[in-house]
Protein chains: 2
Amino acid sequence: MTEATRRERLRAETEREIRQAARALLVERGRDAVTLRAIARELGITAPALYRYYDSHEALLRQLCDDICADMATELYASLAADTSGQVGCQVRAVCRSFRRWALAHPQEFALVFASPRDPLGADQFGSVFLSLAGRLIASNLVANHADDEVPEVLHEDLVRFQQVLMDAVSVHGVTIENDVLNLGKIYHVVQSWVRLYGHVALEVFGRFPFAVSNPEPMFDSMLDQMLTDIGFQETPDSSGG
Amino acid sequence: MTEATRRERLRAETEREIRQAARALLVERGRDAVTLRAIARELGITAPALYRYYDSHEALLRQLCDDICADMATELYASLAADTSGQVGCQVRAVCRSFRRWALAHPQEFALVFASPRDPLGADQFGSVFLSLAGRLIASNLVANHADDEVPEVLHEDLVRFQQVLMDAVSVHGVTIENDVLNLGKIYHVVQSWVRLYGHVALEVFGRFPFAVSNPEPMFDSMLDQMLTDIGFQETPDSSGG
DNA sequence: GAACTCTTGTAAACACCGTTCACTGAAACC
DNA sequence: GGTTTCAGTGAACGGTGTTTACAAGAGTTC
């Protein structure tokens, strides 16, 4: 079973500790505190030893981003699994609320992953839960049919590309969608929903609303309701008839 | 006229050069390059001399934020002044487009000011142009009357506070608004517009759309149209009948 | 104009940072 | 047992923010 040699086991363990220490430093003392020397100090080794595991400080930060994305995805999936209603609308609400809660609880991680002018993000981890959920939402046929010609033609090319991304994301979970169900109008509304979800969460995390918000949660819920309404979602939010 | 003594003039000049050097470093080489020693090197002085002007590196960064906000506000006001249509709808579009253009042209500045988990921003500079424009938009009576009871009651307290902020922002420009014109429904929609504007711009600057967008500009314009429609704006976008 | 204070700069030092390099010693392999 | 592989060390280099003691010019007072 344990094909791993002693040395390999130790190496894996050390790498785990490095990631853990880096994460703790980010959470507790901010991005600038994630320092090779601080990590090494935490492990009781010297800084150059870390170069046996990562090419550079930057590479380590990239790994940290991936870890954060993976953890966030796990949390979002958990909140999805915890929803027993079977109603897509409830699932969408659950995941969006979970995203907001995660971002507020992990502002440093959120800033690093979602608000850095860096490389376009190893999105493999990040998007999958959103994408598959968005795909399922659309496939559920509970979304109103938005005519394609509502969407400006210049956007078609990009939206078709996103359509493919969505279909790939869903097909990973064994579901296939007919092309005509996933029309451009719906896809456009999914993008607009992401704009609003991200916008609200980022503004709240960074405190950039134009006034002091004492009750952000109901404001978020209200935005969520409006979002689902605008997307043409036809499920009754509170009834259990499904 | 020049009450300033020679020493005061020199000091002011040096401070100007410090800010200028800091700004150039941020733009050309990123946040982490804005270093006391690098700034000093640029001015041909030594790093400790900067402590005669700023208490710390962090204080200098704060000043930098303020400068950025002021410059951005200048640019937004310029684009507002450049609009000769006299139509509020065109002005809103002009300012929103200007905000997007500025953010894309100054990603480092945008990240520093709008996407840092820091203190709540010396918003004096930042918001004023948005706020006064939002106030005027509402006061123009071109926005549909949204009934107050559309807005969940838990939000009323916060929105009333924002109402006051808006009225203050507009009154600085010598305009006063009757209380009933600036109703909570409208105010709520202004907040939602900021969510969408900020969301789109930040996603574009940080490259966090869930797919590669080759044509972001028409997507932004489309979002802007939708935003103005949702806010109940009743001015025809292209006619000049006013 | 001399004596004085205030201000703006300096150089040296401290502790920290990322990174490189020559090295050691133990694990793994043949 | 001899050899190779490799995680770790210590010293070093140039960079950072910050503090300290000190110099020298600007402005002020007599």
Side-chain angles (χ1 to χ4, degrees), chain A residues 1-65 108 112 116 118-119, chain B residues 1-65 108 112 116 118-119:
Chain A
M1 187 66 81
T2 71
E3 289 279 0
T5 157
R6 167 178 162 79
R7 198 143 68 177
E8 283 169 336
R9 271 185 290 110
L10 284 181
R11 184 183 173 83
E13 174 64 15
T14 303
E15 184 160 351
R16 212 185 52 77
E17 286 178 22
I18 293 174
R19 296 180 179 199
Q20 183 179 312
R23 189 67 164 279
L25 285 166
L26 175 66
V27 169
E28 288 160 25
R29 294 167 47 204
R31 206 201 92 138
D32 293 348
V34 184
T35 259
L36 290 185
R37 290 188 135 100
I39 295 169
R41 224 177 290 129
E42 214 72 23
L43 301 203
I45 62 179
T46 61
L50 294 175
Y51 282 83
R52 303 292 176 193
Y53 297 86
Y54 296 96
D55 284 344
S56 67
H57 181 239
E58 196 197 336
L60 197 151
L61 276 188
R62 250 196 307 275
Q63 174 67 61
L64 183 55
C65 280
Q108 299 287 352
L112 187 64
S116 297
R118 304 204 150 274
D119 35 0
Chain B
M1 187 65 83
T2 71
E3 289 279 359
T5 156
R6 166 180 162 77
R7 196 142 71 177
E8 283 168 337
R9 271 185 290 109
L10 285 180
R11 183 181 177 83
E13 174 64 16
T14 303
E15 184 161 350
R16 213 186 51 79
E17 286 178 23
I18 292 174
R19 294 179 180 200
Q20 182 179 313
R23 188 67 164 280
L25 285 166
L26 175 67
V27 169
E28 287 160 26
R29 293 167 46 204
R31 207 201 90 139
D32 293 348
V34 184
T35 261
L36 289 185
R37 290 186 135 98
I39 295 169
R41 225 176 289 130
E42 215 71 25
L43 301 204
I45 61 179
T46 61
L50 294 174
Y51 282 83
R52 303 294 177 190
Y53 297 86
Y54 297 96
D55 285 344
S56 66
H57 181 238
E58 196 197 336
L60 197 150
L61 276 186
R62 250 196 308 276
Q63 174 66 60
L64 184 54
C65 279
Q108 299 286 353
L112 187 64
S116 296
R118 304 204 152 273
D119 36 359

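The chains referred to below are lettered A, B, ... by the order of the sequence lines, with proteins before strands, and numbering in each begins at 1.
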Show your working on side chain to side chain contact (heavy atoms under 4.5 Å, CB included) between A:R19 and A:R23 and close with a plain yes or no. CA-CA 6 Å; A:R19 296 180 179 199; A:R23 189 67 164 279; over 6 Å; no

Check this for me: does any side-chain nitrogen of one of B:R11 and B:E8 sit under 4.0 Å from a carboxylate oxygen of the other? no

List the steps, then state whether side chain to side chain contact (heavy atoms under 4.5 Å, CB included) holds for B:Y54 with B:E15. CA-CA 9 Å; B:Y54 297 96; B:E15 184 161 350; 3.6 Å; yes

Whole Å only: how far is the CD atom of B:E15 from the P atom of C:dT7? 15 Å

With the threshold set at 4.0 Å, does a side-chain nitrogen-carboxylate oxygen contact exist between B:E13 and B:R9? no

Smallest separation among heavy atoms of A:Q108 and A:V27, with atom names: CG-O, 4.4 Å

Rounded to the Å, how far apart are A:E13 CD and D:dA7 P? 15 Å

Does the pair A:I39 and A:L60 meet the rule for a side chain to side chain contact (heavy atoms under 4.5 Å, CB included), with working shown? CA-CA 11 Å; A:I39 295 169; A:L60 197 151; 3.9 Å; yes

Is any side-chain N or O of A:T46 closer than 4.0 Å to OP1 or OP2 of D:dG10? no

In B/S/- notation, 5' to 3', how is nucleotides 14-22 of chain D contacted by protein heavy atoms closer than 4.0 Å? -SBBBB---

Within the structure, does a side-chain N or O atom of B:R11 lie under 4.0 Å from either OP1 or OP2 of C:dT7? no

In short, B:R31 meets A:D32 closest at the heavy-atom pair NH2-OD2, 2.8 Å

Between C1' of C:dC16 and CG of A:L25, the distance in whole Å: 14 Å

Separation of A:Y54 atom OH from C:dT19 atom C1', in whole Å? 18 Å

If you compare all heavy atoms of B:T46 against all heavy atoms of B:A40, which two are closest, and at what distance to 0.1 Å? C-CB, 3.6 Å

Got a list of protein N/O to nucleotides 28-30 of chain C N/O distances below 3.5 Å?
from   : atom 1 : to   : atom 2 : distance (Å)
C:dA28 : OP1    : A:T5 : OG1    : 2.3
C:dA28 : OP1    : A:R6 : N      : 3.1
C:dA28 : OP1    : A:R7 : N      : 2.7

Interatomic distance where CD belongs to A:E17 and C1' belongs to D:dG8 [whole Å]: 14 Å

Describe the nucleic acid contact of B:Y53 in one word from base, sugar-phosphate, nothing, applying a heavy-atom distance below 4.0 Å. sugar-phosphate

Which heavy atom of B:L112 sits nearest a heavy atom of B:C65, and at what distance? CG-SG, 3.7 Å

